[in-house]
Protein chains: 2
Amino acid sequence: MFRKATKGQETRERLLSIAETAVLAKGFAATSIEEVIAEAGITKSGFFYHFADKNALAHEMLQRYVVANDQVFEQTFGRAAELSDDPLQRFLIGLKLLAETMADLPNGHPGCLIASVCYQERLFDRTVLQLTADSVRKWNAYFHEHIAAIAAVYPPSEPVDLDQLSAMMSCIVDGGIIMGKTLGDTTILPQQILLFRSYIKLLFAR
Amino acid sequence: MFRKATKGQETRERLLSIAETAVLAKGFAATSIEEVIAEAGITKSGFFYHFADKNALAHEMLQRYVVANDQVFEQTFGRAAELSDDPLQRFLIGLKLLAETMADLPNGHPGCLIASVCYQERLFDRTVLQLTADSVRKWNAYFHEHIAAIAAVYPPSEPVDLDQLSAMMSCIVDGGIIMGKTLGDTTILPQQILLFRSYIKLLFAR
DNA sequence: GCCAAAACTGTACCAGCGGTACAGGCAAAT
DNA sequence: ATTTGCCTGTACCGCTGGTACAGTTTTGGC
């Protein structure tokens, strides 16, 4: 039997969601508890019932973000796996689906919390930083799996380090998010993903 | 006759340098004027003699960063231009030099201020945000020049949007910086630059 | 419908920060 | 000798992030 989401969990969710939006817009330090609780319609004491301190909020916020991101990847590339058996086709389809998903976000990608934390590292304790590092490593490993499966079937047209190629994926995404936000151009991220896809094609599909 | 750097300019520089390091580590909001002046060995009044308010500090900090970055690019690709006349070779050499420069940074790249601002946009006024957007556009245009010159001589092995390809450069760099900082791995940024170089080679040098 | 746990509210308090104001001091350039 | 640039010292203020803790309402399980 699944546990029904209690009222407390809903409030937590709301707090985390509001906080995430604020953190991506102003950074962690400038995100005041005051404004979060104001928007959530709760008191300061209520906030501290849910989170021991601001760092606890950061930790749960990140966990939430990582889980959501994992789901997007698994959903996207899972769907791609249904559409083809070939590892290369799977990955190419997955990248196209991902680009479409990113293009469909009405206001563009809201921002990457890992990048946000990275540029405010000194504000967080080791557990939070560990969480970001572990997540990045996990995503790198995830893409490495896909790419290694491709390389096993299709020898690359030029020698290439598969670890670096896997890492490139996340770099492109993070970089695309930043440029998109900075220029106010929501097409940049999906385009960069498709450009990475193009590189993969050029490397393996010849 | 060049103007000798006055004492005031030196102090300004010191303040900007200290502030930049702090901002890249903790974000703008968490960087207190108090700590900056403490490290600089100056009083608060001294600080406000140089900067009208915190936003003025941010503005000059960014200008300084953009100029420094411009110089790195111009120096690197300028040196490359001395070593070859061919647009493709120039760019490839430039990318290699850039990767080496990044690899030689003792503690890795300290971070990109544009990315930092991007994740704290609400803290800055329009002039600062305009400055970041303009800089990114300028860099995109700069790389577009290089790449268009290549494409004019060497038709790409696959149709590719040159604007997107130019933008990819900055995306890779920003993404590489973030992953490098997050994983504590200073080799990632130079490797990603070389991987981008490899893509350029694959596209045009066949 | 009772009861215990969950989910809060209310109040009080503090240090520190950004920012202002203003009265100087000191050294170098002209 | 005087101005100009570059600061120091002192005093002050409003705001807010954050802490602490006692008390109150709501909810869900039985």
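Below, chains carry the letters A, B, ... as their sequence lines are ordered, and counting in each starts from 1.
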Rounded to whole angstroms, how far apart are [atom1] on [X] and [atom2] on [N]?
| X | N | atom1 | atom2 | value |
| --- | --- | --- | --- | --- |
| R12(A) | dA6(C) | CZ | P | 12 Å |
| L57(A) | dG18(D) | CG | C1' | 13 Å |
| F51(A) | dG17(D) | CZ | C1' | 17 Å |
| F48(A) | dA12(C) | CZ | P | 18 Å |
| L123(A) | dG18(D) | CG | C1' | 15 Å |
| E35(B) | dG18(C) | CD | C1' | 13 Å |
| F47(A) | dT19(D) | CZ | P | 10 Å |
| F28(A) | dG17(D) | CZ | P | 12 Å |

Nucleotide of [options] approaching [X] most closely (side-chain heavy atoms):
| X | options | result |
| --- | --- | --- |
| Y49(B) | dG19(C), dG18(D), dC7(D) | dC7(D) |
| S45(A) | dG17(D), dA20(D), dC7(D) | dA20(D) |
| H50(A) | dG19(C), dC8(C), dG17(D) | dC8(C) |

Between F143(A) and H146(A), what is the ring plane arrangement, given parallel below 30°, perpendicular above 60°, and tilted in between?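 Rings of F143(A) and H146(A): tilted, 30 to 60°.
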Hey, can you tell me if F73(B) and F77(B) have their rings parallel, tilted or perpendicular (30° and 60° cut-offs)?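 Answer is tilted, since the angle falls between 30° and 60°.
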Distance below 4.0 Å between K54(A) side-chain N/O and dG18(D) OP1 or OP2: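 It does, given that an N or O in the side chain of K54(A) lies less than 4.0 Å from OP1 or OP2 of dG18(D).
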Report yes if a donor N or O on one partner sits less than 3.5 Å from an acceptor N or O on the other, where the partners are the side chain of K44(A) and the base of dG10(C); otherwise report no.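 Answer no: no donor N or O sits under 3.5 Å from an acceptor.
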Assign T31(A) to base, sugar-phosphate, or nothing according to its heavy-atom contacts below 4.0 angstrom with the strands shown.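 Nothing, no heavy atom under 4.0 Å.
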Within 45° of the six-membered ring axis of F51(B) and under 6.0 Å from that ring's centre, is NZ or CZ of R12(B) located there?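 Yes, R12(B) lies over the aromatic ring of F51(B).
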Closer to the 5' end of DNA chain C via nearest nucleotide, is it T43(A) or A30(B)?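 Looking at DNA chain C, the more 5' nearest nucleotide goes with T43(A).
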Is the closest side-chain donor-acceptor distance between W139(A) and N69(A) under 3.5 Å?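 N69(A) and W139(A) do not have a side-chain donor-acceptor pair below 3.5 Å.
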Return the 5'-most residue of the pair E34(A), G41(B) with respect to DNA chain D, ranking by each residue's nearest nucleotide.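 On the 5' side of the pair lies G41(B).
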Quick one: does any side-chain atom of Q120(A) pair with a main-chain N or O of S116(A) as donor and acceptor, under 3.5 Å?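 Indeed, once roles are kept as given, a pair shorter than 3.5 Å links the two residues.
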